[in-house]
Amino acid sequence: MMAGVSGGAFGGYTQSNVAARRVVPSEAQRKGRKFVKVVYVVLESQYQSALTTAIRQINKSPGPVCMECVGYLLEEIRDPTSEEQLAKDLDDANIFICSLIFVQELAEKLVKIVEPRRENLDACLCFPSMPEVMKQNKLGTFDLTQIAGGPLGNFAQQVKDLRQKSLSKNKPASGGNFQDSLLKLVRTLPKVLKFLPGDQARDARTFVLSLQHWLGGTPENLEAMLLRVAGGYVPGVEGLDTDALMEPVVLPDMGIWHPLAPQIFDSMSEYKEWYDNVHCPASGILPNAPTIGLVLQKSHIATKDDGHYVGVVQELERRGARVACTYTGGLDFSVPVQEYLSGPTGEGMVDALVNLTGFSLVGGPASQDAKKAKEVLMKLNRPYLVSVPLVFQSFTEWQNSQLGLHPVQVALQVSLPEIDGAIEPLIFSGRDGTSGRSIPMQDRIGAVATRAMNWANLRKKPNSEKKLSICVFQFPPDKGNVGTAAYLDVFGSIHAVMGELKKQGYTIEDMPENAEGLQKSILEDPEAAMSMSDLNVAYRMSVDEYEELCPFATDLRENWGPPPGELNTDGRDMLIYGKHFGNIFLGVQPTFGYEGDPMRLLFAKSASPHHGFAAFYTYLEFIFKADALLHFGTHGSLEFMPGKQVGMSGSCYPDRLISVLPNLYYYAANNPSEATIAKRRSYASTISYLTPPAENAGLYKGLKELSELVKSYQGLRENEQRGASIVNSIVATARQCNLDKDIDELPSEEEDMAGVSIDERDAVVGKVYRLLMEIESRALPMGLHQVGVPPTAEESVATLVNIAQLDRPEMGIKSLPRLLAERRGKDIEAVYKGNNDGVLEDVALVQEITLASRAAVGALVQKSTNSEGRVEEVNPFMQDVFNFFSGGSEYKKALEEVGFDGVSDDDLKPLFEYLQTCLGEVVRNNEVGSLINALDGKFIEPGPGGDPIRNPDVLPTGKNMHALDPNSIPTKAATDVAMVVVDRLLDSLTEQQGEMPESIAFTLWGTDNIKTYGESLAQVLALVGARPVPDSLGRVNKVELIPLEELGRPRIDVVCNCSGVFRDLFINQMNLLDRAIKAAAEADEPPEQNFVRKHAMEQAEELNISLRQAATRVFSNAAGSYSANVGIAVENGASVDEEQLQEQFVTRKGFALSSDAPGELIESSGLFKSALSKVDVTFQNLDSSEISLTDVSHYFDNDPTKVVSNLRKDGKKPAALIADTTTANAQVRSLSAQVRLDSRTKLLNPKFYEANLKGGYEGVREISKRMRFTFGWSTTADAVDNFVYEDCNTTYIQDEEIKNKMLEANPDALRDMVQTFLEANAKGYWDTDEDNIQKLRDVYQECEDKIEGVDFAA
């Protein structure tokens, strides 16, 4: 068997220990008594201990029955051995009990086991669970679904509707919850029983009493429940007086609890009377201390399994906090929050709220009503933390797990609360593997308590006394890169933020007058030696001080030796870079540490913090004593340090480094996936910021000339002589602009167009025109965004045009291109197809539609804008009246002026009203306001991250970003789109290569799937010939194969390379993909029609493993590890050759996930190589023009093109393709074509570089980075044409004016760019003449002189 490959063995998350839960009566206890066997399956382990005690009490007491009892925790039945044992136990059982079975695949397993045995069971008690589980209830004639108004009848549809609505723009008013419905049934029992026949009434009463006993949760309640059911329904039990059994003793459904209180309180005034007058004086808690509200689950209090709750209360009070604990028996926790912890207006009477249930505020395992939760929390307006108790793992299993928290629990108790606005998902309690009782995790409880107190203290502390540390990043480590952040003017933004903080009363001293002064204060150390170029040193920390204050300093010696090490040190002290401005410290976060060490980079499974990194955060907490941190921009290194993926321990480095400091984080609104990593691993409260306003890329130089020629041809096409002459010029100019690389069969310059037909000339011009318009209309982010400065209305036009491109059927809105095409009697899809094929008439119509869209949207914006360029409110009624009398709306008139007359205002109105709303949101901005609120200890409004064009709910910015419910994707809409893209992809490949590809290497991204609701996921399933199947609650956690007859083509093998971020966010969806691929491999189908099966059979034989193991296709990094480090090596200019980088890729990305062992990632690089060796095509999705192939290193870091080429036995380079879904007219291009498009619209475009040159230091860095990332595609795929390097060199190096501007603004970044050119030439990626190389060497020396000159002057 191949090492490192897991087969069908159980994944080991909740290892079975059923024997510990089996209670068997002794021989003496059996004598003369009826033997009854009870089997239970529960989600909540707290019932385990209470049931065990109840059974033992029954067996010890005299009576007509004795009982055997055996229990299973829900997750255990995933294990085939436990599943088999459960079936055996049920074969001779009398009573079966289950509760909270809401994991679909496990619910199905349970039903499969119980249903065939139900007839032989005397009683089945199924408490709140999936509908198919609830249908297994059996108690005489009782049927839960037949009770008028009973909860099961509409439960599934109700929850399904709620989930579907949450994915649409029409949010539900409120959400039902099944457990709350059952509680309502319990309370209204007398009314229900009036309408039932005698036997049915008795059985219904027994069910409801049993439910009450169950909710009561104590051993006494459960003992009475078991005896009541045994006495009424198990044949042969005689002499048991069920009427004499105790009635259910239950806690109030809702109340205020305290471990030392004499009672449950039902009002805050009663509680405060006891707390203020009795408890606080005795405990020494001050009246004006911060108050922390806690939300608890009733079942833990009822079953006395409350040790973890007691631990949190004790730790908070020990720190001097006042505590108010609320609970409810249902799963709408907002009710007690509003009842007990809120004032009359809904504002909190507490200083922070901590939810210890781990669930969303309104909902539970089955459903979530985020809208209601958000309304309650916005009114409460306090920091809202959700801490997580382990449910699916014992303490030991979690401790030993690299992944950390169980994937199912991540979805239920991390992802869903984040949508409510929750922060800081710390684990605070474990579960004993034997007794099932909760174990308080003291160090984690201490962290939860201190973090909650620190948030609460922000409300209490005067602004003048608050200390804030603002952290900026530098990657790669170089003075030219200080203040790196995606699309953000970092120093300009910080200067603006500091100005606002000063207005708010923060103590800020010696603040520079402008952003440039702020930047210089960090970059230039006045005490640096003349020959050195160094950052400003704010503090020198001695090694002794570091070792005394940093609790984990010793642990770093293994990787970095003794302190001070070699980084962030002068050889004696640790150096903290930054600058103090009174109570504001602007600090530079150290880098990972391995950037300049290729071999460390190559072999490191993951990064680890060096001593300098640890010293920086030690300084912030213990010496500067920050009240809060603000990490400034996307993104730093802290959240990517090694440790568990989610649910970290105290030994995970992100947890150790951030410690107990509140962490605020400005994060780009279009990057929710990495923002989510920051939230989960560095406990960040994110504040979204807008990316820069986009403009159309436009045309320039030869491209502009080509456009003029095309217009001339359109006017003279029928003039045989002139028309042919113009086409000859078009062909020559197109070749000069290197467009022949993108246009198949472009005629040669020698071919005279006079000799061909007008249709053939049209075809040539159509293809050139299509490419020109593709470049011209590409959205180009202009410059850098400054926090707190929204775009003007005019700057928002391009964004609104893109929003108008998309149909929104769920809102009844047709796209503007569709409306305009219909006006011309055409279907927009047909027009797009003709455009893509280069049909001149369709290309021209698309351009007309584009220009008309800009005109109409521009008219809307102009009408809504005042003289200062700002949006004003428009009264819709008055506007309608005005439009009626003036011949129509401004946008209708604008369309008429450009040739689209006759489009009615009635058709346009829904779209343009929506655009008007979007315009208001684009220019509304709460980025600084949210920061001020957060620093005042207030709630940050939650909101989705992603593409504001696809989902304008992303706007306005300033929100605490979240991803989405992972169980909601892929949606049906995403699946429909994916089928279309896959059909186009396969048709294109078959046409190009003459045959269908057998295997595709597919890269899966987190942000891409958030923005598109799972289109990439659905594409993988579609290629394999599978489809997602929603369960009865609308959650996507099942797949089925599409029959080959219906599919109409072979199943394509897919090797999935999942990014580390995708793995963190969507590990359950990785299981889904694995199940689909393995189902395909095991399908009894001809190999020539099923390439998954064909390749798996070959690999099974080659590697001597089972077919199922050989079908492993879902790979990622090891837990807690991110990226292939190829990007890091390229960014740092590390002299690692291509072979080393390719081996690094396979080593770091070769960890396999198997649905047979959920949650484990097993080192399987051998299997990864085997699967990649059969790949014909590499494929990635591009979902945003803001973050394109050359804007970040992520895309080429995950590109396996050259890896595949070297692994294939024939050495053939696979086709490398990109699906570009950035516009409504989705395209599949070759990787080289996409790089060319990126280069033409950005690096080579005067609009791009002139805007960035205006940005000075940071703008020059942006240019240099894009050059480096373009070079990355040469390294991994040979995808960069020679002309790209040549033209970039001409633009930036040969042009003295541009070169000098870059030299003045940021010589470090220009030097990096020169290094990129020289390295491209040295590695054979760029062929150029010696004059160019010498010029580059000269410019390099100029940069060196300039850098040294700066330091000399200082």
Which word best sums up how the rings of Phe1066 and Phe1062 line up, parallel for under 30°, tilted for 30 to 60°, or perpendicular for over 60°?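 The arrangement is tilted - the two ring planes meet at 30° to 60°.
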Only one of Thr1003, Ile1000, Val1020, Leu1023 forms a side-chain contact (heavy atoms from CB on, under 4.5 Å) with Phe1179, so which one is it?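 Only one of Thr1003, Ile1000, Val1020, Leu1023 forms a side-chain contact (heavy atoms from CB on, under 4.5 Å) with Phe1179, namely Ile1000.
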For side-chain hydrogen bond (donor to acceptor under 3.5 Å, both in side chains), just list the numbers for Thr1007 and Glu674, CA-CA rounded to whole Å, side-chain angles, deciding distance to a tenth of an Å, and then say yes or no. CA-CA 8 Å; Thr1007 291; Glu674 289 182 316; over 6 Å; no
Can you find a pair of side-chain heavy atoms, one from [X] and one from [Y], that are under 4.5 Å apart?
| X | Y | result |
| --- | --- | --- |
| Ser415 | Arg680 | yes |
| Leu1231 | Leu1189 | yes |
| Leu985 | Gln1019 | no |
| Val982 | Ile1052 | no |
| Tyr1285 | Val1280 | yes |
| Leu1172 | Val1204 | yes |
| Arg1236 | Arg1240 | yes |
| Ser1116 | Leu1153 | no |

Would you say [Y] and [X] are linked by a side-chain donor-acceptor pair, where the criterion is simply a distance under 3.5 Å?
| X | Y | value |
| --- | --- | --- |
| Asp1220 | Gln1227 | no |
| Thr1178 | Gln1180 | no |
| Asn1206 | Gln1142 | yes |
| Arg1229 | Ser988 | no |
| Asp1008 | Ser1016 | yes |
| Arg778 | Thr1222 | yes |
| Asp1238 | Ser1188 | yes |
| Asn1225 | Thr1223 | no |
| Arg1268 | Thr1316 | yes |

Check [X] against [Y] and note the closest heavy-atom contact, atom names and distance.
| X | Y | answer |
| --- | --- | --- |
| Ala1026 | Ala1076 | CB-CB, 4.0 Å |
| Lys644 | Gly404 | CD-CA, 3.6 Å |
| Ile1042 | Arg1051 | O-NH2, 2.8 Å |
| Gln1099 | Ser1170 | NE2-OG, 2.9 Å |
| Ala1018 | Ala978 | CB-CB, 3.5 Å |
| Ser1239 | Thr1270 | OG-CG2, 4.4 Å |

I'd like to know whether [atom1] of [X] has more than 12 heavy-atom contacts from other residues, nucleotides or ligands below 6.0 angstrom.
| X | atom1 | value |
| --- | --- | --- |
| Glu1088 | CD | yes |
| Glu1101 | CD | no |
| Gln402 | CD | no |

Salt bridge (charged side-chain N to carboxylate O under 4.0 Å, His left out), paired with Asp1278, selected from Lys1202, Lys1323, Lys1213: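 Looking at Lys1202, Lys1323, Lys1213, the match for Asp1278 under the salt bridge (charged side-chain N to carboxylate O under 4.0 Å, His left out) is Lys1202.
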Here's a test for you: under salt bridge (charged side-chain N to carboxylate O under 4.0 Å, His left out), which of Lys1094, Lys1174, Arg1049, Arg1208 qualifies with Glu998?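 By the salt bridge (charged side-chain N to carboxylate O under 4.0 Å, His left out) criterion, Glu998 pairs with just one of Lys1094, Lys1174, Arg1049, Arg1208: Lys1094.
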Rounded to the nearest 0.5 Å, what separation is found between the [atom1] atom of [X] and the [atom2] atom of [Y]?
| X | Y | atom1 | atom2 | answer |
| --- | --- | --- | --- | --- |
| Phe1115 | Leu1161 | CZ | CG | 11.0 Å |
| Leu1044 | Asn1090 | CG | CG | 6.5 Å |
| Arg1075 | Ser1154 | CZ | OG | 11.0 Å |

By ring-ring contact (aromatic ring centres under 6.0 Å, His included) - contacts of His635 (at least two apart):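 Counting only residues at least two positions away or on another chain, His635 forms a ring-ring contact (aromatic ring centres under 6.0 Å, His included) with Phe640.
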Whether the side chain of Asp1176 engages the backbone of Ser999 through a donor-acceptor N/O pair (distance < 3.5 Å, no angle test) should be reported.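 Yes: the side chain of Asp1176 pairs with the backbone of Ser999.
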